[in-house]
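Following: one structure in structure tokens, then a few remarks.
Small disclaimer: the values here were computed from a predicted structure and weren't measured. Ligands are counted one by one from 1 in listed order, and the atoms in each one are counted from 1 as well. One-based numbering along the sequence shown.
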Amino acid sequence: RVLVGTKVDESHANWVTAYNMLTGIRVSVSRTNAKLDRELTDADFEAKQKSTFDMCVSSPAANEQTLTMASTGNELVPSAKYDFKFKDYAPWVFRRLRALFRLDPADYLMSLTGKYILSELGSPGKSGSFFYFSRDYKYIIKTIHHSEHKFMRKILKDYYTHVQQNPNTLLSQFYGLHRVKMPYGKKIHFVVMNNLFPPHRDIHTTFDLKGSTVGRDYKEEDLKQNPRATLKDLNWLRRKRHLELGIQKKRLFLEQLRADVLLLKRLQIMDYSLLVGIHDVSRGNDENLRDKTLQVFNPSREKSTDEDPPVGLQRTPSKLETARKARELRQMIRQERPIPMGQAIDKMPDVLGVGHSRPGFVFNQDDGGFQATHENNDPADEIYYLGVIDCLTHYGIIKKIEHFWKGLSSDRTQISALPPDQYGDRFYNFVEGITMSSEEAQREEIRREEE
Ligand code: ATP
Ligand code: CA
Ligand code: CA
């Protein structure tokens, strides 16, 4: 499973960066959520709020909070760790977005709090972005390029309106846009978004589909070494796979995808893909992998010499404890009290499983995902975890050049860099073409043979 990343602890090269990211998020999110809700204004989409975290200087609100946090005694952190600048972009818009995606503010904060908070996935794509999972595996922090950051701010209003009108959008759910800067360091932009894959289910196969065939192949022989690698379009086609959805689910899925792609085309976005994680119900969860997961995310399994807070560390906290803790946190938010690091609840993936099936969201209705169905709507043996990811690439000058050069040597319609309209059509048509129940696929196969 992809999640077995490297745990980011004190010995990790990016520990300070990760720690500062989380501290910044925690302070800025609790600050915004502490205020009385209000309607958004145009200015909210352009807003940015700067905080300076520096133990030696005292006066702005953020400094006070940091000082309080450091003096709770739950952690012994050298002051240097707090020496950074943090920017929170459009905090009110993201507060609203989190509400639209039905995240509980206290829950969000708890997920992004804790001692060994993140696990790093390194840089899986070519872009150089880093991915970090929150310890409970619900959220992903992705570092993004400055151009993606600028672009995201530009399209934020369109994105927001789209989410309002399409609560079941398949597009990445963005929960925050931030920037962190350490002394002498460069500015790091990042987004917080949903992890499409659930904490409580193994994903047996993953595909990243663009509808392009040039270079969209993961070497099958490499799969032996890396059985959970992300496969691509050609692997999908070679395996004669289908997104097996019966009539009703197919309609729901394609209608939403069509609306989402329409927005991406309008905003001149390209290079996105449909991420498909497949849980094979007949295989269930592989216990070994599950154990590994827990090691990454559950500090109680590790020898720790730190003075960890005693909260539920030796065992899974009961539902009651979790609820009580959440209540306390909510109260802290209401009273604008800072939330110290040590207040993290050590929630384990199995506890989280309960909350992960997100009621009310069409594509998360079956165990957090969307179960394959037969033509008559009977459930089939797979659960899909689906979404459109990497949707911040504007078809700017770089892509135009790439399209020109690559087009000289390959079939122009098959390469991945296409103008957004063509990209979107090709993408949609590809996905539509592979979405059919097993019965439909069989009929198709017979028809083809007869031709
Ligand atoms: P590139 O631009 O080279 O494609 P990137 O750095 O922009 O790469 P993405 O395409 O966003 O990266 O993601 C790379 C991989 O990370 C995906 O193929 C997928 O395996 C994983 N991933 C990305 N976003 C998510 C998500 N929201 N949930 C689960 N996995 C994700
Ligand atoms: Ca990508
Ligand atoms: Ca990208």
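- The CG atom of L264 sits 11.5 Å away from the CG atom of D421 when rounded to the nearest 0.5 Å.
- Between F86 and H178, the ring centre distance stays below 6.0 Å.
- Residues D378 and H374 have side chains that never bring a donor and an acceptor to within less than 3.5 angstrom of each other.
- No side-chain N or O of T230 forms a donor-acceptor pair with one of D208 less than 3.5 Å apart.
- Here's the thing with K210: none of its N/O atoms is less than 3.5 angstrom from an N/O atom of ligand 1.
- Of the N and O atoms on the side chains of R216 and N235, not one donor lies less than 3.5 Å from an acceptor on the other residue.
- Geometrically, ligand 1 and N194 share a nitrogen or oxygen pair separated by less than 3.5 Å.
- The atom of D390 nearest to the Ca ion (ligand 2) is OD2, with the search restricted to N, O or S atoms.
- At under 3.5 Å, a nitrogen or oxygen of D390, whether backbone or side chain, sits near a nitrogen or oxygen of ligand 1.
- A cation-pi contact, defined as under 6.0 Å to the ring centre and within 45° of the axis, links R102 to F361.
- Per-residue contacts place T230 under 4.0 angstrom from the following atoms of ligand 1 (heavy atoms of the residue considered): 18 (O), 20 (O).
- Judged by distance alone, with hydrogens and angles left aside, the side-chain atoms of D88 form no donor-acceptor pair with the main-chain N or O of I25 at under 3.5 Å.
- Numbered from 1 in the order shown, with element, the atoms of ligand 1 that lie under 4.0 Å from a heavy atom of K142 read 5 (P), 7 (O), 9 (P), 11 (O), 12 (O).
- Among L196, I389, L275, the residue whose heavy atom lies closest to atom 30 (N) of ligand 1 is L275.
- At under 3.5 Å, not a single nitrogen or oxygen of T206, backbone or side chain, sits near a nitrogen or oxygen of ligand 1.
- No part of D271 comes within 4.0 Å of ligand 1, judged by heavy-atom distances.
- In this structure, a donor-acceptor pair under 3.5 Å is absent between the side chains of H279 and D367.
- Using a 4.0 Å cut-off to heavy atoms of S129, the atoms of ligand 1 that qualify are 6 (O).
- Close approach to N195 involves these atoms of ligand 1, each under 4.0 Å from a residue heavy atom: 28 (N), 29 (C).
- Checking D208 against the Ca ion (ligand 2), every N/O/S atom stays at or beyond the 3.0 Å cut-off.
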